[in-house]
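These notes are about the structure you will find just below.
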Amino acid sequence: MVALTFPDGARRDYPENITGLDIAKSISPSLAKRTIAMALDGKLADLSDPIDHDAKIEFLSRDDPRALELIRHDAAHVLAEAVQTLWPGTQVTIGPVIENGFYYDFFRNQPFTAEDLPVIEGKMREIIARDKPFTKEVWSRDEAKRVFADMGESFKVELVDAIPEDQQIKIYKQGDWFDLCRGPHMTSTGKVGSAFKLMKVAGAYWRGDSKREMLSRIYGTAFARQEELDAHLKQIEEAEKRDHRKLGREMDLFHFQEEAPGSVFWHPKGWTLFQTLENYIRRRQIQAGYAEVNAPQLIDSSLWVASGHMATFRDVMFLVEPKEDDERTYVVKPMNCPGHIQIFKNGLKSYRDLPFKIAEFGKVHRFEPSGALHGLLRVRAFTQDDAHIFITEQQIADEVLKVNDLILSIYADFGFDDVRIKFSDRPEKRIGDDAVWGQAEAALMAALKASGRPWTLNKGEGAFYGPKLEYVLRDAIGRDWQCGTVQVDLNMPGRLGAFYIDEHSNKVTPVMLHRAMFGSLERFTGIMIEHYAGHLPLWLSPLQAMVATITSDADDYARQAIAAAQRAGLRVEGDLRNEKINYKVREHSLAKVPVLLVVGKKEAAERSVSIRRLGSERQESMSLDAALGALGREAVPPDVRRMQQAA
RNA sequence: GCUGCCGUAGCUCAGUGGUAGAGCACUCCCUUGGUAAGGGAGAGGUCGUCAGUUCAAUCCUGACCGGCAGCACCA
């Protein structure tokens, strides 16, 4: 007998190996009908599974949040059947559930096109309408391999081989079609319902390995109810609307062109935004005790050989062709650290000089793969808010904590409170002894634990010279961005011959921390544009106010108002064109100007302005002086405001 | 880099084997209008680049460049 505990607390005995379905039927036929799977001690299982141990049992209906994963997984199986029905000979591989849906990877000579998607969807609906039950069989390893090999499913054979010896080979059938799968599944294909949609086709490598076959992937999504699917599609639309590449054009911030792939042409407004962010960081880090420096853009390759970069990253570094009268090969810097180490090395350093903190808005160039480029978010030329902190081993934890606090405080100024920390340890490709790595990882971990912040492990994702913490922030529509980082480096200072003199007059190699807060200014600018959907807070907005006239009678007054706004420290422009106010309001709203100061005859006579804020149709009339005073105060950056309040 | 799709005016896009069109934007004229497009006229393109096929290529073919999506990569 097995004793099962129900959600209401009731506990009943059943014969061993009774199935969930039998129990549901015994309770009520309607329960059996609407149940699509069960959970045993919280773990999802097939309703047809025999139960052989005492457990807490729950029956899941389609509406249970936990059922979503099953709906999507079943949809992936239905997708695979549809594809193999439509195009026999197509090989199936894997079809997992992902964050917003599912995909299935196929192998065939002719890739899918977007036009195929509605056809496949139609076939899927047929399969769902047939409502065949999902049934599970356990096969022997040899049998599974033989069957799949006979079917020409070589990828499935490889998958069978990859299943650990202690695990069963499970086959799920839906009518005549079947697939190797760990399950669980719902009771029948009909339970997938109709709230699904195939989203796109794409290529993907078999087993995620770029040396292996390229497969054809079909992405889809599915929900329990149509309203949820509609909401999801709507959200994708919203995300597209805030695409920084689109907003960058509409707001006249920057552009790209063929001659400089992956490099930004910043327009005046975009560069103002960029510099506003840069100046913010500049103030924050000067206050935190960093000194700003600037190192050469081109440095002889010998330094990059010594640092270890040449060996690890040569193929993504830009090299300058040697001149006839100068045989040297220069490297366009891909990182700032070797330059900063030279600054540390110049002049003998004492332990009294530590911590030695130098920062640079360092423009670096990396030959990123063409397929990786993505607007401002992945470029080949970018500016890091980079800094290096030279310290003793004893100072590691303390300084890492200081960086941690600085990064979190900076993110808070942009409204990012949901920050996750990832700890990345030694990668396969690395320099330095394992003992040194062990030391660096332990020191960084100690600091991380002392911060009291939750974190996750990012195994093998450290830099080639040391372990790192990565800071991931979550934006307004729930997307994660990795920005800040702090890295412990016990390798590079030694390789490049950096040392300080300790209190016993011994030469000692310093520990170096690498840190960045925004990471890349270009990228962070892009993230800001998308996070705020172009509606930047006043202090970040490159054009803070537009003075727009209603009639030319107000032109003189408008010019006075513009001058006064400039004196109040605002970034302001005037629109005195011979256009209707409706037209001007529309145009500047589309350009995401945060404040519209409308002036006509009435305002000119009273020395007032009619204020209209972006995103609102409300108008507020007030005196010019009062308006500029309020806007001037609002435009103060958050860190400056704190200092003013403290003073 | 890989797979697929795409490249026509500043932007969004239509179109054709016989060297091109719309809307918006732009310029000029009329209009001085009170909070998301007033009216009229005009100007603007070697149809991504280079080859090939053809009497003839923006259109067909190939290579290359660039973009988009996904994958791989991201010190």
Side-chain angles (χ1 to χ4, degrees), chain A residues 103 105 110-116 199-219 243 245-246 249-250 252 255-262 304 307-309 311-313 315-317 334-338 364 366-375 377-380 382 384 386 424 427 429-431 461-466 468 482 485 487 489 492 514 516 519-520 523 548-555 577-590 596-603 610-614 616-621:
Chain A
Y103 66 78
D105 284 346
Q110 180 87 29
F112 302 103
T113 67
E115 289 74 51
D116 294 333
M199 306 298 288
K200 57 194 165 202
V201 294
Y205 295 109
W206 169 235
R207 310 224 115 185
D209 183 343
S210 59
K211 294 184 191 66
R212 302 291 306 265
E213 296 87 339
M214 176 63 75
L215 307 171
S216 288
R217 174 172 296 180
I218 296 178
Y219 283 95
D243 188 313
R245 293 165 297 188
K246 184 168 171 283
R249 188 173 55 242
E250 289 168 2
D252 193 16
H255 82 268
F256 291 90
Q257 64 186 53
E258 295 197 18
E259 290 82 353
W304 303 100
S307 68
H309 288 91
T312 325
F313 295 109
D315 51 338
V316 289
M317 288 170 21
M335 282 193 99
N336 302 301
C337 12
V364 296
R366 299 177 184 178
F367 199 91
E368 302 286 1
S370 56
L373 302 180
H374 184 94
L377 301 181
R378 190 79 183 273
V379 287
R380 285 185 176 154
F382 61 101
Q384 293 181 308
D386 206 357
S424 301
K429 238 177 156 183
R430 61 177 182 265
I431 55 174
E461 295 293 318
F464 75 92
Y465 44 71
K468 62 186 181 185
Q482 194 243 299
T485 180
Q487 310 169 357
D489 186 350
M492 215 190 289
H514 306 241
S520 148
R523 185 162 176 274
T549 52
I550 295 172
T551 76
S552 52
D553 292 337
D555 284 1
R577 290 176 305 171
N578 174 15
E579 294 291 352
K580 291 206 160 142
I581 192 61
N582 290 319
Y583 183 88
K584 294 183 182 181
V585 166
R586 174 181 157 81
E587 190 165 288
H588 301 306
S589 297
L590 289 173
L596 230 50
L597 301 174
V598 176
V599 297
K601 278 185 200 161
K602 179 165 151 286
E603 287 77 10
S610 167
I611 303 178
R612 178 180 168 132
R613 308 288 301 226
L614 179 61
S616 164
E617 288 174 24
R618 241 172 42 116
Q619 300 158 40
E620 194 182 356
S621 194

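The figures here come from the full heavy-atom set of this structure, side chains too, leaving out hydrogens, waters and symmetry mates. Below, chains carry the letters A, B, ... as their sequence lines are ordered, and counting in each starts from 1.
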Out of B:G67, B:U35, B:C73, whichever nucleotide has its closest atom nearest the side chain of A:S610: B:U35
Just checking A:K602: base, sugar-phosphate only, or nothing, at a heavy-atom cut-off of under 4.0 Å? base
When you measure only distances, ignoring hydrogens and angles, does the side chain of A:R378 come within 3.5 Å of the base of B:C74 through a donor and an acceptor? yes
Tell me whether the OP1 or OP2 atom of B:U35 has a side-chain N or O from A:H588 closer than 4.0 Å. no
Considering just the side-chain nitrogens and oxygens of A:R249, establish if one lies under 4.0 Å of OP1 or OP2 belonging to B:U12. yes
Once you apply a heavy-atom cut-off of 4.0 Å, does A:K601 come out as touching a base, just sugar-phosphate, or nothing? base
If I pick the P atom on B:A75 and the same atom on B:C6, what distance separates them, to the nearest angstrom? 34 Å
B:U27 and B:A43: how far apart are their C1' atoms, nearest whole angstrom? 7 Å
Atom P, compared across B:A36 and B:C29: separation rounded to whole Å: 28 Å
Return no unless some side-chain N or O of A:T113 is found under 4.0 Å from OP1 or OP2 of B:G4. no
Does the salt bridge (charged side-chain N to carboxylate O under 4.0 Å, His left out) test come out yes or no for A:D243 and A:R245, once each step is laid out? CA-CA 5 Å; A:D243 188 313; A:R245 293 165 297 188; 2.5 Å; yes
So A:T312, base contact, sugar-phosphate only, or nothing? Heavy-atom distance under 4.0 Å. nothing
On a whole-Å scale, what distance lies between the P atoms belonging to B:C13 and B:A69? 14 Å
Would you mind classifying the nucleic acid contact of A:E603 as base, sugar-phosphate or nothing, using non-hydrogen atoms under 4.0 angstrom? base
Describe the nucleic acid contact of A:V201 in one word from base, sugar-phosphate, nothing, applying a heavy-atom distance below 4.0 Å. nothing
note: A:D243, atom CG; B:G67, atom P; distance rounded to Å ~ 14 Å
On a whole-Å scale, what distance lies between the C1' atoms belonging to B:C74 and B:C60? 40 Å
Tell me the interatomic distance from A:F256, atom CZ, to B:C68, atom C1', rounded to whole angstroms. 14 Å
What contact category does A:P369 fall into here, base, sugar-phosphate, or nothing, at under 4.0 angstrom with non-hydrogen atoms? base
Please work out whether the ring planes of A:H309 and A:W304 are parallel, tilted or perpendicular, with thresholds of 30° and 60°. perpendicular
A:Y583 side chain N/O closer than 4.0 Å to the phosphate oxygens (OP1, OP2) of B:A25? yes
Between A:E617 (CD) and B:A36 (P), how many Å, whole number? 6 Å
Within 45° cone and under 6.0 Å: A:K429 NZ/CZ vs A:F464 ring: no
Quick check: closest heavy atoms across A:R212 and A:Y205, and the distance to 0.1 Å? O-CD2, 3.8 Å
Hey, does A:Y465 reach any base, or is it just sugar-phosphate, or nothing, if we go heavy atoms under 4.0 Å? sugar-phosphate
Counting the atoms with a prime plus P, OP1 and OP2 as sugar-phosphate, which does A:T551 contact under 4.0 Å by heavy atoms, base, sugar-phosphate, or nothing? base
Categorize A:P427 for me: base, sugar-phosphate, or nothing, with a 4.0 angstrom heavy-atom threshold over every strand shown. nothing
Measure from CG on A:L373 to P on B:C2 and round the result to the nearest Å. 14 Å
Candidates B:G38, B:C74, B:G34 - which lies nearest the side chain of A:I581: B:G34
Looking at the side chain of A:E258, which of B:C65, B:A75, B:A36 is the nearest nucleotide? B:C65
Need one value for A:H309: base, sugar-phosphate or nothing, where a base atom within 4.0 Å counts as base even if backbone is also close, heavy atoms only. base
Roughly how many Å apart are B:G52 and B:A56, using the P atom of each and rounding to a whole number? 11 Å
Counting heavy atoms from C-beta on, name the nucleotide in B:A72, B:A37, B:G70 closest to the side chain of A:Y219. B:G70
Closest to the A:R577 side chain: B:C26, B:A72, B:A75? B:C26
Just to be sure I understand the rule, does A:E587 reach a base, reach only the sugar-phosphate, or reach nothing, if contact means heavy atoms closer than 4.0 Å? nothing
Side-chain heavy atoms of A:F382 within contact of A:R366, under 4.5 Å: yes
Determine whether the aromatic ring of A:Y205 stacks with the base of B:A72, defined as ring centroids separated by less than 5.5 Å and ring planes inclined by less than 30°. no
Would you indicate, yes or no, if B:A37 has its OP1 or OP2 atom less than 4.0 angstrom from a side-chain nitrogen or oxygen of A:N582? no
Please report the distance, rounded to the nearest Å, between CZ in A:R217 and C1' in B:A69. 12 Å
Base B:U32 paired with A:S552 side chain (donor-acceptor, <3.5 Å): yes
Taking the side chain of A:Q487 as its heavy atoms from C-beta onward, which of B:A72, B:G34, B:A75 lies nearest to it? B:A75
Between B:A22 and B:G45, how far apart are the P atoms? Round to whole Å, please. 14 Å
If you measure from the C1' atom in B:C24 to the same atom in B:G17, how many Å do you get, rounded? 32 Å
If only side-chain N and O atoms of A:R245 are considered, is one of them under 4.0 Å from the OP1 or OP2 phosphate oxygen of B:C68? yes
Within the 4.0 Å heavy-atom criterion, would you say A:L590 contacts the bases, only the backbone, or no part of the nucleic acid? base
Applying a 4.0 Å non-hydrogen cut-off, can you work out what A:G308 is touching in the nucleic acid: base, sugar-phosphate, or nothing? nothing
With a 4.5 Å cut-off on side-chain heavy atoms, are A:E603 and A:V598 touching? no
Mind checking A:K468 for me? I need base, sugar-phosphate or nothing, with any heavy atom below 4.0 Å counting as a touch. sugar-phosphate
Between B:A36 and A:R612, is there an OP1 or OP2 to side-chain N/O distance shorter than 4.0 Å? yes
Look at the side chain of A:R366 and decide which nucleotide, out of B:C74, B:G66, B:G70, has an atom nearest to it. B:C74
